[in-house]
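All chains are named by letter (A, B, ...) in the order of the sequence lines, taking the proteins before the strands, and each is independently numbered beginning at 1. Every value quoted in this text rests on a predicted model; they were computed, and no experiment measured them.
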Amino acid sequence: MRHTEIKRLLSVNVVCIASIILTTLVPSLFLENFSVLGTHLIWLCICSASVGTGNVILYLIFKPNPSMRRNSIAHKVAKFIRCCVYFFVSCILFHGIIVLYGAPLIESILETFLFAVLLSTFTTLHCLCVLGPNFQAWLRVFSKNGAMSIWDNNLQITTMCSVVGAWLGAFPIPLDWDRPWQVWPISCSLGATFGYVAGLLIAPLWIYWNRKQLTYKSR
Amino acid sequence: MRLRSGVFASCCLLVQALGVGLFLRGFFPLPVRSLPRNGAAAEPPPEPPPPGLSSNWTKGPSPLFKKAVIVLIDALRDDFVFGSKGKQFMPYTTQLVERGTSHSFVAEAKPPTVTMPRIKALTTGSIPGFIDVIMNLNSPALLEDNLIWQAKTAGKRIIFYGDDTWVRLFPKHFVEYDGTTSFFVSDYTEVDNNVTRHLDKVLKREDWDLLILHYLGLDHIGHLSGPNSPLIGPKLSEMDGILKKIHTTLLSKEGEVASPCLLVVCGDHGMSETGSHGGSSEGEVHTPLLFISSAFDRRNGLQKPTELVQQTDLAVTLAIGLGLPISRNSVGKLLLPVVQHNTMREKLRYLHMNGFQLSRLLQENMPAYEKDPGFEQFKVAEKSHGSWMKLYLEGNTSEVLLNFGKKVLKQYLEALKTLSSSLSQQVAQYDLYSMVVGTVIVLEVLLLFLISISKALSARAEFEVPLSPPLCSLLFYLLCLTLCAIHVVVCTSTGSLSYFCSISWLSAVGVIMLVSGLLCVLLSALEKRFLNPKLLVKNPAASTSSWSELDVLILAGTIGHVTSLGASSFIEEEHQTWYFLINTLCLALCQDICRHYFLAKEHDLQLPSTAQMSPAEVRGTSSHPMKDVELLQDDLKKTRFPLSESAGGSEKWMALATPWVILICCRLLRSLNQTGVQWAHRPDFGHWLTSSEHKAELSLLASVSLVLIFILVQRKCSLVSKIAMALGLLGVYSYRAAIGNVVFPWQQDSKDISKGITEARFVYVFVLGIVFTGTKDLLKSQVLSTDSKVKFIGLWEIYSGLVLLAALLLRPHNLPVLVFCLLIQAMMTKFVWKPLEFDAAQVTIMHYWFGQAFFFFQGNSNGIASVDIAAGFVGFDHYVEIPAVLLTGFATYSGPLLWALHLLCYLSSDVNRNPAAMGHGCFCYALLHSIPVAAYIILVTGLRYHLFIWSVFSPKLLYEGVHVFISTAVCMFFTAMDQNHSRKGPV
Ligand SMILES: [Zn+2]
Ligand SMILES: [Zn+2]
């Protein structure tokens with residue numbers, strides 16, 4: 001049971017990684033002059049969109065945390081709307097945090113916002129898919145020893161890795177190398193993406209290594 | 001010997017400061033120096049005698065120019081004259097350059113491109129060492145041999161108008177002078193009119209030989225709005241008009257007198273793309289150098305690319321042009337085009353004089369001078385010069401003589417070039433021995449710190465310094481003897497001019513004993529630490545699993561900051577590192593607060609199985625990892641826990657909002673002063689506020705800030721200090737109004753700008769009064785051993801006195817920095833540190849980080865140019881050394897200092913909860929300062945031949961060194977406070 005679950009998690013993560021790799025390769029077939037660095041904004045849009053849809057579809061199929069409560073249409077619609085609102089709020093929040101970190105307030109506002117969307121896709125959307133729009137559950141997962149399944153652990157690790165990746169991605173910006181990838185927000189968004197991919201890879205491995213120590217409390 | 005953490009930390013830091021001082025002394029070489037100017041008679045050398053004959057020209061050459069006018073335009077960049085701007089705004093000068101009787105060069109200024117070292121370079125021909133930058137604060141009379149002194153001794157009458165740096169450098173040298181001060185950077189018309197107004201009169205007169213004009217306006221415009229400012233054009237046109245006036249007057253006079261006049265136009269340094277200077281960018285080092293005289297051949301449109309020469313070449317060229325002896329310390333070489341119209345004999349004579357002077361300087365500075373290629377070349381050239389003289393004196397006038405002469409000329413020029421460059425490199429000679437000794441001391445102290453961490457941060461806050469056994473050991477005496485032997489060998493070996501060798505042998509032996517003693521203590525402490533099995537068992541208790549995110553962040557931030565110092569761009573942009581770190585710190589705090597206020601309840605209500613994960617426990621494990629969590633403290637926390645839980649909901653929400661408020665404050669502050677290098681040109685609020693059309697806004701901001709400062713500070717003061725504080729802050733505003741930074745709403749005519757001496761002294765009185773009251777309270781608490789409340793009030797009063805001083809000294813647009821500093825401190829104390837019960841080590845580290853960030857928030861950078869020297873003149877009529885240095889130091893480091901003092905206040909109020917808090921705080925504070933400075937010293941030693949060593953790494957080293965000295969003082973104060981408490985307390 002544990003092993004099959006880990007395999008499922010691994011397959012989900014591999015699909016996610018594949019979707020990211022595809023976003024860097026496929027659009028160049030359709031769009032002229034497409035490159036991750038050159039037309040970064042387009043890539044940001046495509047990447048967030050594909051990772052987002054990929055996540056939603058995958059978690060609809062696998063349903064890691066099957067909700068056992070009532071499933072009326074109205075309830076589902078309400079849940080969906082709440083998800084959308086949460087996602088949008090998280091985009092705004094990330095945007096705010098990025099500006100507080102020193103991004104320019106007005107100029108390159110589009111770049112900042114798209115970067116915020118990308119970060120939200122990697123973190124908030126993932127949370128929404130796994131946990132639903134349940135703030136208490138989020139708090140629980142992101143506290144010490146709060147994970148209740150390997151999906152929660154996966155969520156913790158990927159979220160941490162994307163945020164830390166974006167954080168580390170800001171470091172090369174002050175260097176005076178004048179490289180194209182030092183332009184705002186390329187290094188940060190690349191850092192977030194690499195962090196996310198690394199998180200997706202690390203999470204199953206980490207869970208596999210620590211499968212003995214991981215004892216989840218049942219609800 | 002058993003020492004308390006605080007005492008131990010201060011002792012260590014004191015020793016470390018000594019090491020840093022020694023290192024700095026070795027790192028910043030003294031400039032190449034000859035004997036003092038009065039040492040030997042300055043007789044020019046005779047012509048090299050032809051074999052068998054004697055020269056009939058033994059006296060010094062006569063002057064080539066009767067009069068000279070030097071027009072020094074501050075921050076004149078080469079493209080302002082030779083570029084498109086010059087063509088557009090300086091038509092007369094451009095025409096002179098292209099078709100007139102002139103020689104034009106691009107003179108390269110050596111960094112630091114700051115006015116005073118540049119004036120020294122122009123007048124002495126030497127390259128002032130980096131240490132001269134610090135002397136820029138304090139420009140005493142120039143004692144080195146220099147052109148102005150030579151001219152004065154030769155009986156020339158010199159008139160000077162312009163920057164009063166000259167008047168300070170050359171007191172009593174000028175028969176007439178009018179110094180203008182560069183005190184008010186916002187004034188760029190008055191300073192120049194004050195120079196120009198004398199011009200008409202003085203040009204008519206005949207009673208002078210040398211006229212020096214130093215125009216500051218262009219530099220001020222640069223500082224205000226950069227090299228592309230619309231103000232530059234009119235200023236250049238004004239300068240062009242002045243040059244035209246001087247040139248035409250000189251020309252009209254030349255008819256009456258025999259020998260021609262010389263007009264020299266130069267800049268002391270250029271300006272960077274942002275308009276500042278001090279560094280080594282292309283725009284800063286390239287300045288135009290124009291010689292204009294009717295003696296030169298008229299150029300016929302043939303525009304050859306302007307030659308790149310050194311700024312130091314001007315002194316020797318002028319000396320020869322005016323028939324003066326060449327300054328002894330000059331490393332410059334004669335600019336041959338200037339003497340192009342002279343005969344071959346004269347030219348060779350000049351070159352010989354120049355070469356003779358350079359080779360003598362080389363002899364005095366280099367023990368192995370005879371092996372120097374330049375010296376050899378000069379000897380060869382001198383010999384051929386002799387042969388040429390022989391031919392010449394024999395009356396040979398053929399083509400052979402001319403060609404031979406040209407050959408000798410070429411030899412001389414080669415020799416001069418090699419000599420000059422090898423002398424210039426002498427400036428970059430490091431005193432490695434002193435540096436190594438300094439580094440060893442600093443490293444030993446750092447290692448001692450690191451070893452003692454776990455002990456010093458334990459509940460007892462004591463560290464057992466194993467002093468007596470190692471000091472009596474054989475190892476110690478052997479080490480001492482070996483080091484003494486090494487010292488003797490190094491110092492007696494030829495060619496070492498180490499500072500450490502030049503100090504008295506008693507102090508040298510003292511330092512050697514210190515080094516070896518430290519090493520022995522270190523070894524025995526290590527032995528105790530790792531060979532004692534009982535201690536080793538305790539070690540795994542601090543395993544990494546119990547680290548909270550905050551601890552990880554603090555450790556990663558410290559390591560990250562230290563490693564970032566290796567890259568020059570990260571040093572230039574160090575503020576980014578700190579802003580980034582404190583932002584992350586705020587977010588981590590936000591998470592901690594969330595966990596504290598939400599999860600505690602969640603766990604208690606929903607998950608009874610994990611009830612043992614109460615916040616007290618979470619904190620117990622998350623408190624500083626290297627610290628032995630004592631049971632007593634845990635008990636305290638557990639008993640206090642219900643209390644904090646019952647605190648009202650408003651406190652919870654305030655706590656949750658605090659990190660966000662702080663984040664917003666920091667974001668606002670960061671857009672107040674755009675510092676660093678790469679983004680320094682970006683618009684910021686500071687520039688917007690200081691521009692003259694936004695005076696009303698600045699006044700409003702300043703007054704609101706002062707009111708807020710009062711509200712934030714007075715909370716914990718006694719009544720007397722409250723009143724003094726209010727009056728003092730009023731005084732600050734009236735001082736700013738008096739010097740014209742802000743306006744009184746009821747006083748419309750702001751014409752009468754004074755220096756505001758009365759107002760500033762008024763404020764000083766209150767500062768001293770408040771600090772005195774605070775000291776009195778402190779003494780009272782010590783003598784009467786009353787409760788810690790009195791002590792806290794005393795400390796807070798000292799703190800508020802310094803806040804008042806900072807309000808006076810900081811630039812007016814930086815008053816919000818002070819407000820936000822106080823606001824953040826108040827909010828953090830009330831809502832975060834106290835309720836969440838952070839331990840002293842964590843609070844200290846946070847204080848240190850915020851202090852560093854505030855250093856940059858107030859507009860400082862790691863470049864020399866951002867030091868606000870004006871702060872040293874507040875309340876003084878003229879330059880007084882000690883107060884000026886102290887005030888400038890305080891104004892520059894006011895951010896870190898205020899945070900350190902606040903830490904002291906906080907810890908002294910926290911002492912009831914944790915008696916060891918003071919010791920822990922002091923130890924962490926010392927450790928945090930010692931890590932970066934030790935790492936940076938090693939880095940800089942490794943990078944001492946880096947391209948940016950003078951422009952980036954050295955200024956940072958100076959900042960770091962001064963910071964260590966200041967923090968040592970703070971640490972001593974800490975310990976003194978700690979002393980009081982423990983003497984009184986039962987612990
Ligand atoms: Zn200057
Ligand atoms: Zn200047």
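Crowding of B/Glu282 atom CD: a count of heavy atoms from other residues, nucleotides or ligands under 6.0 Å not exceeding 12. Counting heavy atoms of neighbouring residues, nucleotides and ligands inside a 6.0 Å radius, atom CZ of A/Phe113 exceeds 12 of them.
No part of B/Ile582 comes within reach of chain A, as not one of its non-hydrogen atoms sits under 4.5 angstrom from that chain. At a 4.5 Å heavy-atom cutoff, the contact between B/Phe580 and chain A is made by backbone and side-chain atoms alike.
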Please tabulate, for the side chains in residues 91-106 of chain A, all donor-acceptor contacts under 3.5 angstrom to protein atoms that are two or more places apart in sequence or on a different chain.
unit_1, atom_1, unit_2, atom_2, d
A/Tyr101, OH, B/Thr584, N, 3.3
A/Tyr101, OH, B/Thr584, OG1, 2.7

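With sequence neighbours left out, A/Met160 forms a side chain to side chain contact (heavy atoms under 4.5 Å, CB included) with no residue at all.
Contacts with chain B (heavy atom to heavy atom, under 4.5 Å) involve no residue of residues 119-127 of chain A. Listed by sequence position, A/Trp167, A/Ala170, A/Phe171, A/Ile173, A/Pro174 are the residues of residues 167-174 of chain A in contact with chain B, using a 4.5 angstrom heavy-atom cutoff.
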